Amino acid sequence: MKDAWEQEYVEYVTARLPALRRLACLLCGDEHRADDIVQDAITKLYVHWDKARAATNLDAYARTILVRTFVDEKRLAWSRVRLFASAPDRPNTADMGVDDRTAVRAALSGLPARQQAVLVLRFLYDLRVAEVSEILGCSEGTVKSQTHHGLATLRQVLGDRSNALAWTE
Amino acid sequence: MESEERYGVAVLRVLDVEPTTASKVDVSRAVSDGRRRRLIRRWTRMGACAAVTAVAVASVPLVTDALSREEPAVGGSIAATPPPPTESPAVTPPTSCTVSRLPIPGGHPMALVTGADPTGRLLLGRAYPKGHKGRYPVVIWDNGTTRTVDVPGDDQSLRDANTAGVAVGSGWSDAGPVPYVYRDGKVSRLAGVRTGEAIAINEAGVIVGQGGGTPDSVPVVWRSATAPATYLPMPSGWTGNVVAVGEDGSVLALLRSTGKRTPQAYLWGPDGKGRTLPKPSEGEYFRPYSIQRNVAYGVVSSDETFVKGGSDRRVTPVRLDLTTGQYTRLPAVSMSPSDANGSGWLVGSTEKGQGALSTGNGMITLPDLNNHHSSTANIASTVSEDGRIVAGQADDAKGVIQPVVWTCAP
């Protein structure tokens, strides 16, 4: 009985690993850190496997655990919403030849974790506000305000570079 | 909000690439670690914390009153009768400060400071109840007494207050941010914009902020707590955010225009007429924080760093004489500023996570509440006009953010 239960978990996680790892990479921007986040998230998934396998949407359940693991890891940084709105703490990307991806990643990683998660889920995963609010366990209004504050900071930090990106559609 | 979504998709999509390294995730280790955790859970009968239940989120119908449908008028003078310029008594910069924790009402574990009045007698903030879902009790600390204020919406905050105790801020509705004013114990919606935020208020009760949402917010002024919003006139196509309002009704803002690489500091005089502020030098731009008696205070930053998405670890505080357009540079300091008072004294935090105060004559680091283990451990957010009261947030021993006040002396 236990063997089948565990086998089911192993099969599910093994199949979903690439997708979970991709989400973790998009959230944190670092493949090694992404591995740590996924490792922690799938361990939590094991602990809650009874509940998870009974969930109507197992993928959404696993994704929620992963995103919350990422946010919890950087929990304390989230108060930077306002204070660092004009000068986020982030790696220095002022080197010559820095590309758009590096600049956007640097700007994104300067945001509080919850804002990062909101932007990635809404604009890279195309999730609706209601879905994001369920994943993060917050209200829809908070998702909207976090989107607004996050984009405002990106725009401030990226300046012309992001305008150029937005206009090359 | 459509343009906001387009912008988000356009910018974020450059990150959409597949991982390039092999995964080091170990499923068998997750199984063995998971088994151990399950056992511990069973023994300690701890409650599940990561369980997710599908919660049907009821959508709240959008409430718009008649006023909010009106389009704000443009222009007009800001201060009807600007007060005569008064010289404040010269203040001596503080040299040492002590830290103390502010009480959190309601027994909530966490809170922080979001604003203050010019004297530091009134401190504004918000508490984070356990298990909160983005709605916070807004807190006002008034010289030893503490009260909570119910600001409607989510992600609420009060950002500024005058010494009469009138405070301004915003809360989030389904449609976006909603500007609010708190006075005589009551919270009311500021009129004349469908969405917007109130950022600052002066002693005469003139409130400034912005209407609309990212990326198209535009500066507005409410000439009183009951007056409808008026757009501040500016070049067509420009957008931006208000920074501060002076006692004479002058308004400082940081604007963006499609033709410019970096933000542009902008000023409206009490007569409501706007003008761009001069650049500090070729390759630099001015980031203003406060205005007093025809002087704007802030820091200069490099255009290049801004365009490339970098940040300045070291900032050069400046004062800009608004009559002559001359900048005076003060010694550079290694801090990330949050705000400044009318003397241009900056508060913020150091890269190491210590609170910092710069009075133009170098910087003093503020004592930790407990530690500075992270770069956000201690953050000074506001400083009183006399520099004696600095308030902000600091981690306690458990890493939980606490509201704090630093009391400083010469």
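Just the heavy atoms: all of them, side chains too, but no hydrogens, waters or symmetry mates, feed the values below. Each chain gets a letter, A, B and so on, in the order its sequence line appears, and its residues count up from 1. None of these values were measured; they are calculated from a predicted model.
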Using modelled atom types and a 3.5 Å cut-off, is there a donor and acceptor pairing between side-chain atoms of [X] and backbone atoms of [Y]?
{"X": "B/Arg38", "Y": "A/Val47", "value": "yes"}
{"X": "B/Glu18", "Y": "A/Arg22", "value": "no"}
{"X": "A/Arg101", "Y": "B/Val14", "value": "yes"}
{"X": "A/Glu6", "Y": "B/Val31", "value": "no"}

Count the heavy-atom pairs under 4.5 Å between each of B/Thr21, B/Asn241, B/Asp339, B/Leu254 and chain A, then report the option with the highest count.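 Ranked by contacts with chain A, first place is B/Thr21.
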
Could you tell me which of B/Val27, B/Leu15, B/Val17 has the largest number of non-hydrogen atom pairs under 4.5 Å with chain A?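 So the answer, after comparing B/Val27, B/Leu15, B/Val17, is B/Leu15.
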
So which of A/Asn57, A/Val129, A/Asp50 has the largest heavy-atom pair count under 4.5 angstrom toward chain B?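 Ranked by contacts with chain B, first place is A/Asp50.
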
Would you compute the distance between atom [atom1] of [X] and atom [atom2] of [Y] and round it to the nearest 0.5 angstrom?
{"X": "A/Glu31", "Y": "B/Ser23", "atom1": "CD", "atom2": "OG", "answer": "10.0 Å"}
{"X": "A/Leu108", "Y": "B/Leu12", "atom1": "CG", "atom2": "CG", "answer": "6.0 Å"}
{"X": "B/Glu5", "Y": "A/Phe123", "atom1": "CD", "atom2": "CZ", "answer": "5.0 Å"}
{"X": "B/Asp154", "Y": "A/Thr142", "atom1": "CG", "atom2": "OG1", "answer": "4.0 Å"}
{"X": "A/Thr43", "Y": "B/Asp33", "atom1": "OG1", "atom2": "CG", "answer": "5.0 Å"}

With a 4.5 angstrom heavy-atom cut-off, could you sort out which part of A/Ile42 is near chain B: side chain, backbone, both or neither?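 Answer is both: backbone and side chain atoms of A/Ile42 are under 4.5 Å from chain B.
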
Yes or no on side-chain contact (heavy atoms from CB on, under 4.5 Å) for B/Asp155 and A/His149, after CA distance, side-chain angles and deciding distance? CA-CA 11 Å; B/Asp155 212 10; A/His149 291 310; 3.8 Å; yes

A/His148 vs B/Glu197, test: side-chain contact (heavy atoms from CB on, under 4.5 Å). Steps then yes/no. CA-CA 12 Å; A/His148 173 83; B/Glu197 293 168 282; 3.8 Å; yes

Do the numbers put A/Arg155 on top of the ring of B/Tyr7, so that NZ or CZ is under 6.0 Å from the six-membered ring centre and no more than 45° off the axis?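 Yes - A/Arg155 lies over the ring of B/Tyr7, closer than 6.0 Å to its centre and within 45° of its axis.
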
Check whether B/Thr20 gets within reach of chain A through its side chain, its backbone, both or neither, counting any heavy atom under 4.5 Å.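 Its backbone and side chain both get close to chain A.
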
Begin with the C-alpha distance, continue with both residues' side-chain angles, and end with the deciding distance and a verdict on side-chain contact (heavy atoms from CB on, under 4.5 Å) for B/Arg37 and A/Tyr46. CA-CA 9 Å; B/Arg37 281 197 215 172; A/Tyr46 181 94; over 6 Å; no

Do A/Gln39 and B/Lys24 come close enough that some side-chain heavy atom pair is under 4.5 Å?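 A side-chain contact under 4.5 Å is absent here.
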
